[in-house]
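Step one of this worksheet: look at the structure below.
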Number of protein chains: 2
Amino acid sequence: MKFTEMQFKIIDKSIDLIAERGIQGFTIKNLAAKLGLTEGAIYRHFKSKEEILLSIIKIFQAEASKTLENACSTKYPAMEKITKIFNHHFNFFAEKPSVASVIFSESIFQNKHSLSKEVKKLLNMHEEALLCIIKSGQDSGEIINGKIRKEELVKIIIGSIRYTVTKWRLSNFKGDIIKEGNKLLNTVKYILTIKMD
Amino acid sequence: MKFTEMQFKIIDKSIDLIAERGIQGFTIKNLAAKLGLTEGAIYRHFKSKEEILLSIIKIFQAEASKTLENACSTKYPAMEKITKIFNHHFNFFAEKPSVASVIFSESIFQNKHSLSKEVKKLLNMHEEALLCIIKSGQDSGEIINGKIRKEELVKIIIGSIRYTVTKWRLSNFKGDIIKEGNKLLNTVKYILTIKMD
DNA sequence: ACCGTAAGTAAATGACCACTTACAAAAATA
DNA sequence: TATTTTTGTAAGTGGTCATTTACTTACGGT
């Protein structure tokens with residue numbers, strides 16, 4: 001899963017291109033123009049267009065695993081871990097809005113089985129990390145809500161993050177996504193710590 | 001916004017086609033084959049491919065407004081209204097999974113401004129209806145959670161529904177989506193009625 | 001200086017794209 | 001029954017697609 005410098009450059013421009021023109025505008029011709037190259041040159045670095053798309057997902061996966069790797073194993077408070085995940089994601093999207101346009105657009109990768117398989121893997125990575133954090137938080141007594149199942153909490157957290165970013169994207173990245181992320185984080189924190197009755 | 005019988009048939013098959021082969025497989029040729037017609041025949045009913053996509057969103061909008069129209073104005077308990085919305089959505093997706101493949105795939109409509117404008121409208125319809133329900137529920141004392149802002153609750157509800165359906169779609173519609181919807185509904189109900197401390 | 005490889009170009013390939021045109025049934029209307 | 005409208009077909013149109021080919025340039029090692 002190693003990429004050359006040029007491959008990184010191509011992947012980067014591909015993400016920009018998809019963000020700008022949608023999957024329909026993601027053509028080798030457009031990509032070559034964006035890179036200041038001819039179409040043939042791209043095929044020196046990737047053997048097909050599908051492989052570029054696959055590499056995009058792989059990059060996302062690598063990025064995610066770097067963030068989530070020690071998410072559960074370390075002994076920080078669960079709330080701190082969740083805060084870290086929130087901040088990392090929203091800061092990342094604020095910095096690279098075009099990634100936000102691609103990462104939650106599963107339908108881009110829908111047509112090829114090899115692509116959607118990797119999308120699923122990416123989602124599962126996040127789910128498992130969150131599940132693990134919540135579990136450890138419940139064990140330590142930090143997360144005291146026992147009436148809501150872990151699995152539902154995960155769905156709520158991931159779902160609301162995704163929806164927040166999707167709305168931001170649809171509004172052409174207007175507004176402060178980091179502020180939005182913080183509001184959401186506070187709400188999630190509150191839900192996680194409500195007392196049973 | 002009236003459609004002929006044949007236009008409905010074309011829209012229906014278009015949704016199926018997009019669900020099966022993605023936006024890249026949504027071609028007039030493929031659509032004609034699915035309808036048992038030639039390509040030219042389609043142009044007797046729609047003047048362009050873009051108009052078909054636009055009509056798909058319009059159908060979704062009409063469907064949504066039918067469900068949401070009286071969502072707020074009627075005087076049923078807020079929880080009952082939310083339950084109704086949940087049930088309607090999950091039953092609808094269980095019945096027509098291909099719609100689930102298209103309705104949450106905003107990136108399909110991304111490239112043309114006229115299309116993404118309508119997608120935003122569709123999302124706002126749902127947000128406003130939910131906001132209104134929660135507000136009326138809070139006024140009547142039914143929803144007693146005052147620590148969580150309405151806007152965040154809406155994001156959580158819509159986001160978790162969308163994510164649940166997206167996961168179901170990525171697993172090729174395996175599993176009981178209606179059961180999943182009910183679990184989610186119970187969680188949402190619980191969050192809405194937690195007591196302040 | 002020579003050589004092999006990596007990285008580029010320009011042009012072509014056949015497949016497929018959305019859409020149009022000329023014409024023919026079929027159905028509705030008179 | 002005669003005529004008009006609707007709905008279809010078959011065969012194109014020019015354009016774009018991903019990919020390949022043959023050839024060229026840049027460069028690091030010996």
Distances under 3.5 Å only, N/O to N/O: pair up the protein atoms with those of nucleotides 5-9 of chain D.
from, atom 1, to, atom 2, distance (Å)
D:dG8, OP2, B:His45, NE2, 2.5
D:dG8, N7, B:Arg44, NE, 3.0
D:dG8, O6, B:Arg44, NH2, 2.3
D:dT9, OP2, B:Thr38, N, 2.8
D:dT9, OP2, B:Thr38, OG1, 2.5

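Across B:Gln61 and B:Leu122, no two heavy atoms sit closer than the pair CA-CD1, 3.7 Å. The nearest pair of heavy atoms linking B:Lys174 to B:Trp168 is O-CD1, 3.3 Å. Contact between A:Lys167 and B:Asn124 at its shortest, heavy atoms only, is NZ-OD1, 3.0 Å.
In the region residues 13-28 of chain A, proximity to DNA chain C at under 4.0 angstrom, judged on heavy atoms, holds for none of the residues.
The hydrophobic clustering, which links ILVMFWY residues whose side-chain heavy atoms are closer than 4.5 Å, places B:Ile28 and B:Phe8 together.
Atom-to-atom, NZ of A:Lys47 to C1' of D:dT21 comes out at 19 Å; the value is rounded to the nearest Å. Whole-Å rounding puts the A:Gln7 CD to C:dA6 C1' distance at 13 Å. Rounded to whole Å, the distance from CD on B:Glu50 to C1' on C:dC17 is 16 Å. Summarising the geometry, the separation between OH on A:Tyr43 and P on D:dT21 is reported as 13 Å, rounded to the nearest angstrom. To the nearest angstrom, P of D:dA11 lies 12 Å from NZ of B:Lys29.
There is no side-chain donor-acceptor pair under 3.5 Å between B:Ser136 and B:Asp139.
Both tests do not hold together for B:Lys179 against B:Phe90: distance to the six-membered ring centre under 6.0 Å, angle to the ring axis within 45°.
Proximity of the aromatic rings of B:Phe104 and B:Phe93 is defined here by a centroid distance below 6.0 angstrom, and this criterion is met.
Around atom NZ of B:Lys183, more than 12 heavy atoms belonging to other residues, nucleotides or ligands sit under 6.0 Å away.
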